[in-house]
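Report on one structure; see the data block that follows.
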Protein chains: 2
Amino acid sequence: MERSANALDERSKRVLWAVIESYINNPGPVGSRYVTKKYAFGYSPATIRNIMADLEEMGYLRQPHTSAGRVPTDKGYRFYVEHILEEEIGYHSDFAKTILRRFKSIMQDMESILSETTKTLSALSHYMAMAVSPGPEGVTLRRIELLPYKEDRIAVLILTDEGIIRHHIIKNEFRLSASDLSRITNFLNREFAGYTIKDIKEELINEMIKDKEEFDTLVDRALRLCTEAIETYGANIFITGLTEILDFPEFADIERIKELYRTIEDKHNIIKLIDKIAHSEGVQVIIGTENPIKELHTMSVIASTYKDKDRPAGVVGIIGPKRMNYISAISLVDTAARILTKILEEGGEGWKRRK
Amino acid sequence: MERSANALDERSKRVLWAVIESYINNPGPVGSRYVTKKYAFGYSPATIRNIMADLEEMGYLRQPHTSAGRVPTDKGYRFYVEHILEEEIGYHSDFAKTILRRFKSIMQDMESILSETTKTLSALSHYMAMAVSPGPEGVTLRRIELLPYKEDRIAVLILTDEGIIRHHIIKNEFRLSASDLSRITNFLNREFAGYTIKDIKEELINEMIKDKEEFDTLVDRALRLCTEAIETYGANIFITGLTEILDFPEFADIERIKELYRTIEDKHNIIKLIDKIAHSEGVQVIIGTENPIKELHTMSVIASTYKDKDRPAGVVGIIGPKRMNYISAISLVDTAARILTKILEEGGEGWKRRK
DNA sequence: CGTTAGCACTCCTCTCCATCGAGTGCTAAT
DNA sequence: ATTAGCACTCGATGGAGAGGAGTGCTAACG
């Protein structure tokens with residue numbers, strides 16, 4: 001009955017698949033009899049038990065306690081999603097329709113779109129949804145405006161190609177007049193428009209401050225002013241739909257909820273996760289302990305990057321229990337990423353109206 | 001032993017006070033013996049029992065079940081906070097210091113300040129904190145800017161006296177040029193600066209659209225454009241610190257947490273609550289069933305309005321279990337409201353630097 | 001007449017234990 | 001290799017009983 005440690009024959013695969021599907025559809029360990037009833041394999045429970053014992057030995061399943069049914073391990077889920085990912089991922093047209101309809105009515109800045117996306121995504125998937133806006137390296141400055149605000153304040157408006165808008169208030173340290181500001185604005189746009197925020201932040205400003213002696217004081221002041229506004233630029237994280245997953249039996253334990261809530265409230269935590277996803281191609285599935293965030297070891301994350309000019313811009317995804325409907329979740333996330341990529345593409349040409 | 005239905009003699013008051021304080025300090029019904037031990041009244045438990053029975057009859061206390069200790073009713077808490085409110089409310093200087101220190105470093109727009117305020121408030125009180133930014137009727141337009149953005153988009157920037165900044169993207173339906181926009185901007189500022197958003201929304205625009213024939217088409221277009229941007233203006237609600245109250249024994253029940261979370265996630269819900277508070281003077285305490293929101297019947301809300309030009313602008317407050325430390329919570333909320341009022345006052349004169 | 005000691009009683013909470021049932025692992029038969 | 005049969009394990013369920021906190025009542029007291 002010995003079989004090589006990692007090779008799964010066809011029959012084992014089918015049983016493993018059956019166990020995982022059963023477990024996803026209703027919680028609680030799945031037993032050998034249930035599998036034989038639900039899936040007509042043509043084997044008796046005893047045979048299935050043998051196979052399940054093998055699968056356990058190989059690390060795909062485990063027993064919560066002796067004489068309970070089997071439950072998939074992270075390795076088991078991994079097997080399951082690998083097979084899903086091999087298939088063509090279905091474009092989720094319901095989702096696409098819903099979300100495009102919403103966008104048509106708002107047609108707002110990118111971050112409003114991301115916020116709407118997470119809402120739609122969590123409503124349709126019944127899991128938590130998250131989205132991350134492009135970071136400094138993925139955002140190209142289109143226009144910067146310095147406007148006189150209050151007596152000693154200036155409002156800085158940053159408009160980007162990606163449809164992200166940020167405003168910022170800075171002190172008018174040098175008591176610059178409206179016409180000064182207008183001149184500075186022109187200068188800034190001439191110098192910096194078309195560069196990414198990251199480039200502006202790291203290279204240009206440093207460089208120009210270095211040989212500032214060559215410039216007149218107004219330019220020097222312009223650089224100092226916009227430094228503060230530029231430096232605060234950071235990606236925004238949107239997370240919605242905690243209520244959606246609250247009813248899953250895996251959150252019957254109150255400590256779990258508290259832990260989860262604390263984890264997502266601390267958004268810096270999520271950054272770690274994003275890095276892992278941002279530089280990979282296609283839909284990423286992170287199961288349980290594969291997650292760098294310890295608090296999410298009981299959860300699965302499905303995420304994908306959306307792109308701008310063929311470079312990864314931001315991340316969109318779903319967070320749910322490990323026992324989640326991977327097929328529909330993967331399809332939803334993939335669709336979301338495609339839509340966001342499309343919006344950015346069209347945005348580059350001026351956000352043409354969809355027909 | 002009968003005594004008139006609502007009059008509390010001095011001794012009863014002292015006992016009631018003792019029971020409530022005991023209950024606030026540690027959960028679980030408080031018994032007659034505990035009271036005599038902890039507070040040296042000079043009476044035996046039996047006497048206290050009699051008094052407590054009277055207090056129960058009058059509706060200030062109740063028994064969770066026969067032969068348990070007493071627990072305050074909402075009426076009991078009401079008695080308690082009325083006495084607190086009669087006293088001079090202590091200015092919470094720790095809080096004031098902390099928050100002013102933070103503001104000094106950010107010195108940002110009003111909504112960032114509100115966001116920071118809730119964070120500090122929840123961290124210091126260990127309850128949930130909320131804040132509401134001024135609504136359309138409390139916000140005076142200082143400046144509006146229309147900037148060409150993408151090919152067929154215009155970015156609208158709204159700057160207000162209260163330090164609230166909003167940006168909005170609208171369609172450039174009329175293919176207006178940069179110089180058109182600049183002329184429109186001038187026109188809008190000339191006409192509307194100094195009015196509240198509400199006034200602009202309701203009266204001015206309607207009026208001007210009515211006799212639009214008298215105006216040239218550019219003005220007509222200007223009005224239409226800014227209508228959309230103005231109309232979306234709404235108050236923002238900030239709520240932080242759910243994690244702070246998660247550990248209180250009243251949330252040992254998982255359903256309670258879910259319910260609470262759903263309640264605060266639906267921000268429209270909170271609006272109802274705000275109305276009740278916004279038009280009252282001083283610190284408001286809303287105990288349990290006094291709350292118009294049914295889901296908050298097990299909670300208490302402590303809130304106060306902050307003002308701008310002597311008119312109520314927004315609301316800041318704390319949400320916690322009924323069994324909460326009212327004395328410190330009231331002091332914190334009062335201090336927060338005063339600070340925000342002060343910031344708005346100073347903002348009116350140009351956000352002068354604090355010395 | 002208010003106050004107090006004493007005592008029976010109530011009701012919650014915790015723990016223990018028996019039962020039940022689902023599901024396994026093993027063995028022997030096919 | 002597969003299967004039927006069976007003993008066994010372990011969690012879940014629920015009832016019984018002990019323990020304890022606290023009350024309400026009564027009768028005695030100053």
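Proteins get letters first, then strands, A, B, ... in listed order; numbering begins at 1 in each.
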- request: For A:Arg78, look at atom CZ and say whether over 12 heavy atoms of other residues, nucleotides or ligands are found less than 6.0 Å away.
  value: yes
- request: Give a yes or no on this: more than 12 heavy atoms of other residues, nucleotides or ligands lie within 6.0 Å of atom NZ of A:Lys272.
  value: yes
- request: Would you please test B:Ser122 and B:Glu244 for side chain to side chain donor-acceptor pair (under 3.5 Å) and show each step?
  value: CA-CA 7 Å; B:Ser122 73; B:Glu244 295 286 352; 4.9 Å; no
Whole-Å gap separating [atom2] ([N]) and [atom1] ([X]):
X       : N      : atom1 : atom2 : result
A:Arg70 : C:dT24 : CZ    : P     : 6 Å
B:Asp54 : D:dT23 : CG    : P     : 14 Å
A:Ile48 : C:dG25 : CD1   : C1'   : 16 Å
A:Glu56 : C:dG23 : CD    : C1'   : 13 Å
B:Leu61 : D:dT23 : CG    : C1'   : 14 Å
A:Asn50 : C:dG25 : CG    : C1'   : 9 Å

query: Should the pair B:Glu255-B:Lys258 be classified as a salt bridge under the 4.0 Å nitrogen-to-oxygen rule?
result: yes
query: Is the NZ or CZ atom of B:Arg70 both under 6.0 Å from the centre of the six-membered ring of B:Tyr23 and within 45° of that ring's axis?
result: no
Heavy-atom protein contacts under 4.0 Å, nucleotides 5-17 of chain D, coded B base, S sugar-phosphate only, - none: B---BSS------
- request: Quick one: sort the A:Tyr326 and A:Tyr77 rings into parallel, tilted or perpendicular, breaks at 30° and 60°.
  value: tilted
query: Contact class for A:Gly42 (heavy atom, under 4.0 Å): base, sugar-phosphate, or nothing?
result: sugar-phosphate
message: If the cut-off is 4.0 Å, is B:Arg62 near the phosphate of D:dT23, judged by side-chain N/O to OP1 or OP2?
response: no
message: Side chain of B:Met52, heavy atoms from C-beta onward: which of D:dG24, D:dT23, C:dT4 has the nearest atom to it?
response: D:dT23
statement: Side-chain contact check for B:Tyr43: nearest option of D:dG24, D:dT2, C:dT3 is C:dT3
query: Can you tell me if B:Tyr127 uses its side chain to pair, donor with acceptor, with the backbone of B:Ala123 under 3.5 Å?
result: no
task: Could you check B:Ile239 against B:Ile270 for side chain to side chain contact (heavy atoms under 4.5 Å, CB included), going step by step and ending with a plain yes or no?
output: CA-CA 10 Å; B:Ile239 299 182; B:Ile270 307 290; 4.1 Å; yes
message: Checking side-chain polar atoms at under 3.5 Å, does A:Ser12 have a donor or acceptor matched by the opposite partner on A:Tyr60?
response: no
field: Close residues, residues 31-39 of chain B, relative to DNA chain D [heavy-atom separation under 4.0 Å]
entry: B:Gly31, B:Ser32
